[in-house]
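By convention here, the first residue in the shown sequence is residue 1. Ligands are counted one by one from 1 in listed order, and the atoms in each one are counted from 1 as well.
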Amino acid sequence: MVKAVVLGAAGGIGQPLALLLKANPLVTELGLFDIVNTPGVAADLSHISTPAKVEGYLPPDDGLKKTLKGADIVVIPAGVPRKPGINAGIVKDLATGIATTAPKAFVLVISNPVNSTVPIVAEVFKKFGTYDPKRLFGVTTLDVVRASTFVAEIHGDLSLSKDVVVPVVGGHSGVTIVPLLSQSSHPLPASFSKDSLDALVNRIQFGGDEVVKAKSGAGSATLSMAYAGAEFAAKIIRAIKGEKGIVAPSYVSVEADAAGSAALTKELGQELAFFSSNIELGPEGVAKINPLGTITEAEQALVKAALPELVKNIDTGVNYVAEAYKTEEPRL
Ligand SMILES: NC(=O)c1ccc[n+]([C@@H]2O[C@H](COP(=O)([O-])OP(=O)(O)OC[C@H]3O[C@@H](n4cnc5c(N)ncnc54)[C@H](O)[C@@H]3O)[C@@H](O)[C@H]2O)c1
Ligand SMILES: O=C(O)C[C@H](O)C(=O)O
């Protein structure tokens, strides 16, 4: 039995993500929460002939608590595209709901800026004494999905994209997105020029801008994000159910695996509180944080360029919660 919850379920990401979770046969209950439209989304999805029982709630009458009750996995795409300040408050409030109602749930944060919203969730959980770093994940899967697709395009065969594995490490914004193309399961052609490689790295780092521009500013990636979020959620669900050997990049706390992150810290030359690396998943969440391994000089330079931005983003999240709690009690 797996209860999955989507917070922000009526949105551009939330609706297709809820659809994909409803289509996952391992999900037996699906809870949907948003400030608008969730009863309609839930009624619509509930007619689909898959096992999950669907319920949708709005904020009145303890809707958040009702949605979260008994949740095993909570995915958060709530917020507004490219409005980091607003999202910080939304994520803090939703994290408060999880800490008080479903403190053991695995939490997957999609709301941007992920580099800061994940530390926000961690800080809220710490205030409530419910923080388990093994259960908190920043969803960076869209970067991985983009890297697989673009590499398959270069090989001239999109059917390869489901098999192409490219670790993408660091964080989830601009220069903090570091694709390790030298470790691609499908190496780039020997004739691939340095300029082409730079352009590919840039396309993966700024893939979000490509979509925002194509949508004429009317939103950011929603459908590809829903696909990526559902893929990552499915991996977590399979790991909870005991499947071994599942590895995927995700932005997690280095506290989730002290031994593993020691090797990573050595490679990075400094300790960061959060970093996205290949994560081995287990029934408790993070089983192991893998080091970067062998990377090229150019990739080392990309990692180096990501570090100051990551430190700044993590501080922003931590400070946001500290400031908020100066003027309010940490309660729902
Ligand atoms: N991690 C990633 O790779 C990635 C990719 C794309 C988008 N995003 C981020 O995901 C977030 C959502 O994007 P979207 O395109 O779906 O936006 P959207 O505006 O279409 O949907 C957001 C939904 O959140 C809801 N919401 C707002 N406040 C809420 C609250 N307090 N509680 C519950 N729900 C609330 C809104 O009503 C809306 O339905 C944004 O922050 C965006 O930047 C992340
Ligand atoms: O770029 C955005 O604003 C959305 C998202 O982070 C993306 O990578 O598409």
Side-chain angles (χ1 to χ4, degrees), residues 5-20 31-42 56-60 62-68 74-98 107-118 120-121 137-147 149-150 168 170-177 179 202-215 217-233 248-251 276 313 332:
V5 161
V6 181
L7 304 180
I13 297 168
Q15 290 204 37
L17 174 61
L19 169 64
L20 293 169
L32 307 179
F33 178 79
D34 200 301
I35 52 174
V36 290
N37 298 341
T38 32
V41 175
Y57 294 99
L58 295 166
D62 275 341
L64 180 58
K65 279 191 177 176
K66 284 179 185 154
T67 313
L68 286 168
V74 180
V75 193
I76 314 180
V80 187
R82 305 217 164 184
K83 292 274 187 275
I86 296 173
N87 293 344
I90 293 172
V91 168
K92 180 177 82 53
D93 292 347
L94 294 174
T96 304
I98 301 168
V107 179
L108 281 55
V109 183
I110 291 173
S111 311
N112 271 323
V114 167
N115 295 356
S116 303
T117 49
V118 173
I120 287 175
V121 175
F137 300 86
V139 182
T140 58
T141 320
L142 182 53
D143 307 318
V144 177
V145 166
R146 284 180 177 140
T149 307
F150 301 162
V168 183
H172 175 69
S173 72
V175 296
T176 71
I177 298 171
N202 189 271
R203 189 173 179 210
I204 296 167
Q205 291 184 320
F206 296 94
D209 293 351
E210 199 176 300
V211 179
V212 168
K213 205 169 152 214
K215 290 187 174 181
S220 58
T222 53
L223 303 173
S224 50
M225 181 60 239
Y227 172 84
E231 284 284 294
F232 188 66
S250 177
Y251 182 71
S276 174
N313 297 163
L332 191 58

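Minimum heavy-atom separation, Ile204 to Phe150: CG1-CD1, 3.7 Å. Across all non-hydrogen atoms, the minimal contact from Arg146 to Ala221 is NH2-CB, 3.7 Å. Nearest heavy atoms, Val80 versus Ile86: CG2-CG2, 4.1 Å. Closest approach of Ile90 to Gly79, counting heavy atoms only: CD1-CA, 3.8 Å.
Residues passing the salt bridge (Lys or Arg N to Asp or Glu O under 4.0 Å) test with Arg203, sequence neighbours excluded: Glu153, Glu210.
Backbone and side-chain nitrogen or oxygen atoms of Ala78 are examined, and none is located within less than 3.5 angstrom of a nitrogen or oxygen of ligand 1. Every N/O-N/O distance between Ser220 and ligand 1 stays at or above 3.5 Å. The shortest N or O to N or O distance between Asn87 and ligand 1 is under 3.5 Å. The shortest N/O to N/O separation between Ser111 and ligand 1 does not fall below 3.5 Å. For ligand 1, none of its N or O atoms has an N or O atom of Pro81 under 3.5 Å away.
Protein heavy atom in closest approach to atom 18 (P) of ligand 1: Gly12 N, 3.8 Å. The closest protein non-hydrogen atom to atom 15 (O) of ligand 1 is Thr222 CG2, 3.3 Å. Looking from atom 4 (C) of ligand 1 to the surrounding protein, the closest heavy atom is Met225 SD, 3.4 Å. The shortest contact between atom 12 (C) of ligand 1 and any protein heavy atom is with Pro77 O, 3.0 Å. Summary of contacts: the protein heavy atom closest to atom 44 (C) of ligand 1 is Ile110 O, 3.0 Å.
Taking 4.5 Å as the limit, some side-chain heavy atom of Leu7 sits within range of a side-chain heavy atom of Leu64. Taking the side chain as every heavy atom from C-beta outward, Val121 and Val91 approach each other to under 4.5 Å. Contact of the Val6 side chain with the Pro77 side chain is registered, since non-hydrogen atoms from C-beta on lie closer than 4.5 Å. Residues Asn112 and Pro81 form no side-chain contact, since every pair of their non-hydrogen atoms from C-beta on lies 4.5 Å or further apart. Side chains of Phe33 and Leu94 form a contact here, defined as non-hydrogen atoms less than 4.5 Å apart.
Taking all heavy atoms of Asn37, Ile177, Val109, Asn112 into account, the minimum distance to atom 43 (O) of ligand 1 is reached by Asn112. By heavy-atom distance, the residue among Asn115, Leu142, Val145, Ile90 lying nearest atom 31 (N) of ligand 1 is Ile90. Among Ala9, Gly11, Gly79, the residue whose heavy atom sits closest to atom 24 (O) of ligand 1 is Gly79.
Under 4.0 angstrom from ligand 1, the non-hydrogen atoms of His172 all belong to its side chain. For Val80, every heavy-atom contact with ligand 1 shorter than 4.0 Å involves the backbone, none the side chain.
No side-chain donor from either of Thr117 and Asn87 sits under 3.5 Å from a side-chain acceptor of the other.
Listed for the Thr140 side chain is no donor-acceptor partner under 3.5 Å among the backbone atoms of His172. In this structure, Tyr251 contributes its side chain and Asn115 its backbone to a donor-acceptor pair below 3.5 Å. Judged by distance alone, with hydrogens and angles left aside, the side-chain atoms of Thr141 form no donor-acceptor pair with the main-chain N or O of Gly229 at under 3.5 Å. Distance alone, capped at 3.5 Å, places no donor-acceptor pair between the Thr176 side chain and the Gly170 backbone.
The shell of residues lying under 4.0 angstrom from ligand 1, judged by heavy atoms, includes Ala221. Distances shorter than 4.0 angstrom occur between a heavy atom of Asp34 and an atom of ligand 1.
Distance check, rounded to the nearest 0.5 Å: CG of Leu108 to CD1 of Ile76 gives 8.5 Å.
Contact residues of ligand 2 (protein heavy atom closer than 4.0 angstrom to a ligand atom; sorted by chain and number): Arg82, Asn112, Leu142, Arg146, His172, Gly208, Ser220, Ala221.
The Val114 neighbourhood of ligand 1 comprises atoms 1 (N), with distances under 4.0 Å to a heavy atom of that residue. Within ligand 1, the atoms closer than 4.0 Å to a non-hydrogen atom of Ile13 are 6 (C), 7 (C), 8 (N), 10 (O), 12 (C), 13 (O), 14 (P), 16 (O), numbered from 1 in the order shown. Every atom of ligand 1 with a heavy atom of Phe33 under 4.0 Å away is listed here by number and element: 32 (N), 33 (C).
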